Amino acid sequence: MAKVIGLTGDEAVAYAVKQCDVDVIAAYPITPQTVIVETLGEFVANGELDAEMVHVESEHSALSVVTAAALTGARVFTATCSQGLALMFEILYITSGVRAPVVMAVANRALSAPINIHADHSDSMGARDSGWIQLYAENVQEVYDMIFMAYKIAENRDVLLPTMVCLDGFTLTHTLERVEMLDDEVAKKYLPPKPTYPYPISAEKPATYGSLALPDYYFEFKMQQQDAMNKAKEVIPKAMEEFSKVSGREYDQFKAYAIEDADVITVALGSTGGTMRSVARELRKQGYKVGSLTLRVYRPFPAEALMEALSGAKVILAMDRTLSFGAIGGPLFEDLRTLFYDAEKRPLIADIVYGLGGRDLTPAEAKAIFKYGLEIAKSGRIPELVKYVGVRE
Amino acid sequence: MSISLPKPEYLAPGHAACQGCGATLIVRQVLMALEPDEAAVIVTATGCLEVVTTIYPRTSWRLPFVHLAFENAAAAASGIETALKVLKRKGLLKEKKKMHVIAIAGDGGTFDIGLQALSGALERGHKFVYICYDNEAYMNTGIQRSGATPYRAWTTTTPVGKKIPGKPQFKKNLAGIAAAHEIPYVATASPGYHVDLIRKVRRALNAPGPALLHIICPCPTGWRHDPSKTVEIARLAVQTRFFPLYEILYGRKYIITMPVPKPLPIIDYLKLQGRYAHLLRPEMKGEVEKLEKAVNDFYKWLERMAEATKDIPLPSWYHV
């Protein structure tokens with residue numbers, strides 16, 4: 001019987017990282033990620049985790065340290081969010097470019113200005129084109145489980161791409177939930193063997209990492225990353241399936257509720273998925289044909305699987321917890337609209353922008369969102385392509 | 001250790017550096033300090049050295065080489081040093097040779113954009129050697145001024161104009177900044193004095209913590225000098241006291257390794273370089289005197305520091 005304990009999202013990350021036998025951790029404190037680093041610091045100080053903590057002077061150095069460390073074949077970890085992720089931006093592309101299988105927890109937090117420490121997805125969404133795999137957790141159990149899956153995916157020899165595990169600031173990072181732990185032995189068996197990198201730094205086989213590639217080769221390097229992302233589309237479901245087997249917890253690229261015959265389906269990332277499902281359940285009891293889908297994998301975008309899951313809907317509401325200033329809509333909305341452009345049966349797709357800077361999405365608002373979707377289904381027209389929910393006029 | 005040459009060449013010929021490049025000369029000298037049972041992971045900042053030695057699909061490096069970005073050589077070196085330490089402890093490192101970590105960056109990547117990462121790495125005490133090859137400007141982007149560009153030197157961003165004749169500021173004291181971290185070893189060196197340079201690298205490799213070498217690096221392209229004069233200019237920098245050679249141990253003990261009791265006139269150094277051509281004009285005499293006074297004042301200060309700290313004993317690892 002697996003151990004069950006109460007953990008916050010941040011603690012869950014740290015417990016999972018410990019069980020992943022990580023070798024090098026480098027991080028810089030930023031709210032609401034700090035508890036991850038503090039807890040790992042305790043594990044290392046107590047000898048519970050045989051790893052080195054590099055207490056860097058910035059997030060830029062944090063990612064530089066773990067990226068370089070990963071090239072030796074060591075398993076590495078870092079965590080950040082918001083301004084910290086923004087400061088890492090330059091190195092994000094280098095980590096994926098040198099194919100370092102870094103795993104990073106992102107405690108999703110709004111970006112300044114104005115400064116704010118609460119949840120939204122503007123930080124990780126800004127990094128969606130950086131060549132990192134992005135997983136989003138709905139609850140603390142998923143946070144814990146996704147760390148194991150992240151290493152499994154990142155270190156896969158056909159993938160070798162850095163992976164972010166995103167968890168909503170405070171809503172998940174600081175909320176205590178029931179977590180079923182994985183036995184150490186089970187975790188060990190699930191994880192790939194070391195070295196984590198197929199060409200570890202070695203004096204006997206000296207190699208050059210991070211060279212200069214001019215117009216005659218650069219494009220091929222980038223295409224290899226694109227190939228790796230495409231391969232990740234196959235590797236991710238397998239890694240999740242395998243994890244389901246060893247943990248007894250069902251995992252797929254998304255978590256769907258009542259979508260089979262739904263007229264309206266909301267698609268959300270992160271903890272909002274739980275709110276939408278709970279409200280959808282209530283509405284179903286009242287006879288409304290609504291469903292919800294929580295997307296766990298945002299990059300690579302699971303296009304085919306989503307197309308199949310959503311194609312029966314009359315209306316899809318994309319739930320964007322970020323703004324893409326000046327764009328037609330939010331990033332999730334644009335991905336979903338693009339996905340269905342060539343579909344024979346094209347659902348109406350509208351955008352819901354909500355929850356910026358940690359603003360709560362209440363069950364009443366969630367209900368209104370579904371009702372709005374049902375109106376669209378009935379009328380066959382979208383009154384506002386992008387609807388902003390929960391904001392003063 | 002006795003220093004005997006030649007040694008294996010870890011930097012292969014055929015790279016794309018300019019004729020007379022000081023940086024590649026320095027790297028060859030630095031790597032001569034490695035013993036046969038030792039190897040090093042080379043970590044560089046973005047810059048001339050990285051660009052001229054790693055044009056894909058070729059590489060000039062016969063040692064493992066890592067380049068990530070411009071401002072993070074010290075952070076990347078920290079990561080590799082830490083990882084090798086953990087892997088060794090866990091029995092996962094399969095290396096026959098002793099592995100050192102040597103970070104190499106230019107003055108831009110050290111004095112300016114990389115200073116924060118460098119300070120962090122020195123404070124954390126990683127066991128690595130940091131080499132700054134100081135060609136006193138952003139040469140890779142085409143000779144723009146840096147925090148290391150000397151007083152009144154011409155660069156493309158400090159042009160010699162009618163109102164402002166070259167860079168108005170003096171250069172930073174990098175060795176002093178590094179020494180303020182009280183790390184075991186800081187030294188300045190010149191490729192014109194290769195035995196001194198190699199000996200200092202050996203001390204840096206032996207030091208029980210971070211070590212930094214600040215090395216003057218003549219650049220024919222940026223300094224506007226004859227490519228055949230690189231070594232001569234590197235020597236004149238020392239002989240005129242423009243770039244004195246000294247060591248600082250644990251931020252406390254100062255040692256002048258190449259005393260210059262009777263310096264040559266600074267004009268002997270300046271006149272070989274086109275970047276100082278304007279200083280040869282009669283109306284610039286005062287500026288030359290100002291520069292000469294500054295370098296002599298600093299040298300005298302160094303002498304006082306060396307004298308005042310001469311009784312501090314030398315650590316055992318110093319003797320090579």
Side-chain angles (χ1 to χ4, degrees), chain A residues 21-26 28 50-76 78 90-91 93-95 97-98 100 102 193-197 199-214 216-218 220-221, chain B residues 10 16 38-44 46 50-87 89-90 92-101 114 116-121 123-124 126:
Chain A
D21 186 25
V22 162
D23 301 302
V24 177
I25 301 160
Y28 187 79
D50 185 8
E52 288 284 328
M53 293 275 285
V54 185
H55 301 281
V56 284
E57 80 301 326
S58 73
E59 288 89 352
H60 193 282
S61 283
L63 190 55
S64 301
V65 164
V66 294
T67 299
L71 300 178
T72 68
R75 186 165 286 150
V76 303
T78 186
E90 182 198 20
I91 310 301
Y93 288 78
I94 293 171
T95 310
V98 298
V102 172
K194 290 180 188 175
T196 59
Y197 191 73
Y199 315 103
I201 285 172
S202 157
E204 276 142 61
K205 280 187 189 169
T208 292
Y209 307 80
S211 60
L212 168 73
L214 294 168
D216 53 349
Y217 280 103
Y218 181 88
E220 281 74 18
F221 274 92
Chain B
Y10 291 112
E38 294 177 320
V41 183
I42 306 299
V43 184
T44 73
T46 309
E50 165 259 332
V51 163
V52 302
T53 58
T54 70
I55 306 172
Y56 189 85
R58 297 181 187 85
T59 181
S60 307
W61 295 92
R62 291 168 174 152
L63 288 169
F65 171 96
V66 177
H67 156 253
L68 295 183
F70 195 2
E71 67 280 56
N72 69 354
S78 304
I80 289 164
E81 186 263 349
T82 306
L84 293 178
K85 191 164 73 183
V86 185
L87 294 179
R89 187 166 77 213
K90 292 186 176 179
L92 296 170
L93 190 67
K94 290 168 183 67
E95 291 292 330
K96 290 190 191 96
K97 293 185 172 187
K98 184 180 178 189
M99 294 283 269
H100 291 283
V101 177
Q116 175 180 317
L118 173 62
S119 176
E123 181 267 333
R124 290 190 301 269
H126 296 279

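A, B, ... follow the sequence lines: proteins, then strands. Residue 1 opens every chain. Every value quoted in this text rests on a predicted model; they were computed, and no experiment measured them.
Expressed to the nearest 0.5 Å, how far CD1 of A:Ile201 lies from CD1 of B:Ile42 amounts to 11.0 Å. The distance from the CZ atom of B:Arg124 to the OG atom of A:Ser61 is 6.5 Å, given to the nearest 0.5 Å. With rounding to the nearest 0.5 Å, the separation of CD in A:Glu90 from CD in B:Glu71 is 4.0 Å. Between the CD atom of A:Glu57 and the CG atom of B:Leu118 there is a distance of 9.5 Å, given to the nearest 0.5 Å. With rounding to the nearest 0.5 Å, the separation of OG1 in B:Thr53 from CG in A:Leu212 is 9.0 Å. Here OG of A:Ser202 is found 9.0 Å from NZ of B:Lys96. Values are rounded to the nearest 0.5 Å.
Put simply, the residue from B:Leu84, B:Val41, B:Val86 that forms a side-chain contact (heavy atoms from CB on, under 4.5 Å) with A:Thr72 is B:Leu84.
Comparing A:Leu71, A:Val65, A:Val54, A:Val66 by heavy-atom pairs within less than 4.5 Å of chain B, the highest count is held by A:Val65. Note: B:Thr54 leads B:Val51, B:Ile80, B:Thr46, B:Thr54 in heavy-atom pairs under 4.5 Å with chain A. If you tally non-hydrogen atom pairs under 4.5 Å between each of A:Ala213, A:Ser64, A:Ala74, A:Gly97 and chain B, the highest count goes to A:Ser64. For chain A, the option among B:Glu50, B:Lys85, B:Lys97 with the highest count of heavy-atom pairs below 4.5 Å is B:Lys85. Interface summary for chain A: among B:Ala74, B:Ala40, B:Pro57, B:Ala39, the most heavy-atom pairs under 4.5 angstrom belong to B:Pro57. Note on A:Leu63, A:Ile94, A:Asp50, A:Val24: by heavy-atom pairs under 4.5 Å with chain B, the leading option is A:Asp50. For the set A:Phe221, A:Tyr217, A:Tyr218, the count of heavy-atom pairs under 4.5 angstrom toward chain B peaks at A:Tyr217.
At distances below 3.5 Å, not a single donor-acceptor pair connects side-chain atoms of B:Lys90 with backbone N or O atoms of A:Asp23.
For B:Leu68, the parts lying under 4.5 angstrom from a heavy atom of chain A are both the backbone and the side chain. B:Arg89 touches chain A through its side chain: at least one heavy atom from C-beta onward sits under 4.5 Å away, while N, CA, C and O do not. Contact of A:Ala51 with chain B is made through the backbone alone, with heavy-atom distances under 4.5 Å. Both the backbone and the side chain of B:Ile55 come within less than 4.5 Å of a heavy atom in chain A.
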